[in-house]
Amino acid sequence: MDPDPRRPPSRTFCNPSNRWSTRDEPKPVTWVSRDTRQQNNSQTACGSNLFTHFCKIILKCLLAGLSAKTEIMNLYHSLTIKGLRWVEVQRRLLKIKNVLDIKVLCKQLLAVHAHTVFAQCSILERGMAVSISIKYSSQMLTYAYVICPGLVELKADCNKGYVKVKQLGSNPTFVDSVEVGKGMEVKMEPGQQLHIVNQLYPYTVHFMEDLSGEPPPAKRPREPPSMEAADSKGASNVKVAKQANHTPSSGRESATSNNEKPGIWSNGLKATMQDPKMQVYKDDKVVVIKDKYPKARYHWLVLPWESIPNMKALRGEEHCDLLRHMQQVGQRMVAQCKDAPALRFRSGYHAIPSMSHIHLHVISQDFDSPALKNKKHWNSFTTDYFIDSQDVIQMLEKTGKVTVKEGTSELLKLPLRCHVCHKELATIPSLKEHLKTHISV
DNA sequence: GTTCTAGAAC
DNA sequence: GTTCTAGAAC
Ligand SMILES: Nc1ncnc2c1ncn2[C@@H]1O[C@H](COP(=O)(O)O)[C@@H](O)[C@H]1O
Ligand SMILES: [Zn+2]
């Protein structure tokens with residue numbers, strides 16, 4: 001009767017020909033509705049028809065030598081909710097050896113469709129607000145993707161109860177009015193609002209676990225946002241980029257091709273060292289912080305205020321003095337440590353550090369820490385990948401610069417070997433167990 | 001089935 | 001550097 005002209009027709013998310021025109025006519029996105037799907041595939045209550053169809057098509061295309069891959073792609077895009085990303089489908093297509101592989105692929109790809117009883121994605125339009133509901137059985141479905149080519153990819157994690165929203169192109173996607181950013185991904189939880197392209201049509205998401213049939217899995221409810229348990233005292237986690245007023249660069253937007261950007265992970269030390277709460281010692285030349293992921297009971301990092309990216313940048317007498325001072329400060333940290341008499345310490349540098357801003361590791365040799373998790377961690381502190389401060393200083397004194405031997409990175413792949421008795425251990429857990437035999441409480 | 005690693009993504 | 005997780009190894 002009165003078709004609201006402002007209310008655009010509904011569309012399915014995945015029709016590639018339905019690109020949104022950014023500016024002029026905003027369209028709300030319609031996730032597949034149960035009704036539509038039932039019309040399209042009359043028998044999909046168990047999904048078997050679609051499943052067989054997919055298997056046949058894929059088999060046909062593979063026999064045709066993958067030249068007919070576009071047919072698979074079209075098929076893929078005809079799915080509103082996908083069990084796999086396209087890249088993953090392609091990867092698996094290459095690995096298919098037999099019909100069973102095809103069935104496995106189709107089963108995953110169609111997980112949602114094959115079990116519509118358990119996984120449904122529907123929308124309820126209330127005025128302008130749209131709510132996205134994913135009804136699922138956690139036993140059947142972990143992830144569901146809804147992908148709009150070139151715009152946005154939504155990955156629903158049914159176990160964790162959130163949706164990861166990835167903005168694919170330049171057209172903006174917003175979560176709670178904050179633009180996600182091209183290529184970036186953010187979590188969206190129930191209660192948050194999603195806008196695609198423009199700010200006109202908010203979407204929210206709901207997860208509903210279908211418990212009919214099986215008992216509820218013992219899964220913890222939504223966790224409170226306290227990530228930091230344990231020892232950090234009164235730590236208010238500062239996530240947002242701070243507008244520190246001591247920033248010297250206020251007048252000028254420097255050419256930011258530089259690696260000084262605060263958001264980049266490799267600049268994490270620069271942020272930590274400036275945070276007074278993290279500093280355990282400072283003087284006019286250096287600052288000491290506790291390693292955020294300590295690989296032993298005691299693990300400090302000594303950093304100069306001067307921004308020296310790495311050892312390659314070291315030159316001359318001044319840097320020599322600086323390194324000597326850093327080592328001295330490191331020794332002072334050990335001296336004030338009450339457990340020092342019972343422990344051995346080393347101080348040195350990683351030959352190839354991952355983090356920017358040169359830093360001296362001062363670390364106890366118990367290596368008793370949950371943050372020590374893998375072979376790289378182990379070998380980076382127990383092979384020649386770890387260069388004693390003394391040796392670095394000597395090299396700088398003698399040659400005027402610091403270089404790293406070729407092949408050093410290979411050291412990280414060496415088998416795990418106890419640094420005390422040189423016994424070889426197969427796995428990290430067995431190594432940790434072994435280390436206990438060397439530790440006196 | 002579970003443990004553990006390793007590689008991708010961030 | 002860390003986190004996450006697929007799949008290798010057990
Ligand atoms: N944001 C951070 N704050 C403090 N320490 C960190 C941070 N990120 C990484 N680390 C530690 O810094 C060290 C850098 O190691 P590397 O670059 O190999 O010398 C590692 O021991 C990390 O545990
Ligand atoms: Zn040993």
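Protein chains get the first letters and strands the later ones, always in sequence-line order, with residue 1 at the start of each.
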Problem set entry | A:Q279 vs A:V288 side-chain heavy atoms within contact, under 4.5 Å |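 Sidechains of A:V288 and A:Q279: no contact.
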
Quick one: are A:I387 and A:V392 in side-chain contact, heavy atoms under 4.5 Å?
-> yes

Contacts satisfying ring pair (Phe, Tyr, Trp, His ring centres under 6.0 Å) that involve residues 269-299 of chain A (not counting sequence neighbours) are A:Y298-A:W300, A:H299-A:H361, A:H299-A:F381

Query raised in the report: Restricting to pairs with a member in residues 411-441 of chain A, which pass ring pair (Phe, Tyr, Trp, His ring centres under 6.0 Å), not counting sequence neighbours?
Result: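 As it turns out, the ring pair (Phe, Tyr, Trp, His ring centres under 6.0 Å) pairs with a partner in residues 411-441 of chain A, which skip direct neighbours, are A:F367-A:H419, A:W378-A:H419, A:H434-A:H438.
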
May I ask you to say what A:H359 touches in the nucleic acid, namely base, sugar-phosphate or nothing, with a heavy-atom cut-off under 4.0 Å?
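Nothing: the residue A:H359, judged by heavy atoms under 4.0 Å, touches no strand.
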
Item to complete: Remember a base hit wins even if backbone is also touched, and classify A:K295 as base, sugar-phosphate or nothing at under 4.0 Å, heavy atoms.
Response: sugar-phosphate

Interatomic distance where [atom1] belongs to [X] and [atom2] belongs to [N] [whole Å]:
X	N	atom1	atom2	answer
A:I352	C:dG1	CD1	P	11 Å
A:L372	C:dG1	CG	C1'	13 Å
A:L303	C:dG1	CG	C1'	14 Å
A:K376	C:dT2	NZ	P	9 Å

Worksheet item: Stepwise, does the salt bridge (Lys or Arg N to Asp or Glu O under 4.0 Å) test hold for A:E397 with A:R324?
Response: CA-CA 11 Å; A:E397 280 172 347; A:R324 286 190 204 101; 2.8 Å; yes

inquiry  = Minimum heavy-atom separation for A:L414 and A:N379, please, with both atom names.
reply    =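 Shortest heavy-atom separation between A:L414 and A:N379 comes out as O-ND2, 2.9 Å.
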
task = Considering non-hydrogen atoms only, spot the tightest contact between A:I289 and A:T272 and give its length.
result =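 Closest heavy-atom pair between A:I289 and A:T272: CD1-CG2, 3.7 Å.
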
From the list A:R297, A:R346, A:R344, A:K295, side chain to side chain contact (heavy atoms under 4.5 Å, CB included) partner of A:S364 resolves to A:R297

- Task: Please list, by residue number, the residues of residues 362-371 of chain A whose heavy atoms come closer than 4.0 Å to an atom of DNA chain B; answer none if no residue qualifies.
- Result: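 None - not one residue of the stretch has a heavy atom sitting under 4.0 Å from the strand.
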
Notebook entry, point to check: Under the side-chain hydrogen bond (donor to acceptor under 3.5 Å, both in side chains) test, which residues partner A:Q328, sequence neighbours left out?
Noted result: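 Scan of A:Q328 (side-chain hydrogen bond (donor to acceptor under 3.5 Å, both in side chains), adjacent residues dropped) gives none.
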
For nucleotides 4-10 of chain B, 5' to 3', base contacts (B), sugar-phosphate-only contacts (S) and non-contacts (-) with protein non-hydrogen atoms under 4.0 Å give SS----B

Original post:
With no hydrogens and no angle check, do the side chains of A:D283 and A:H325 hold a donor and an acceptor under 3.5 Å apart?
Top reply: yes

### Message
Could you check whether any side-chain N or O of A:E410 sits under 3.5 Å from a backbone N or O of A:G407, counting only pairs where one atom can act as donor and the other as acceptor?
### Response
no

Heavy atoms within less than 4.0 Å of DNA chain C: which residues of residues 379-389 of chain A have one? Give them sorted by number.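 Within this stretch, nothing sits under 4.0 Å of the strand.
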
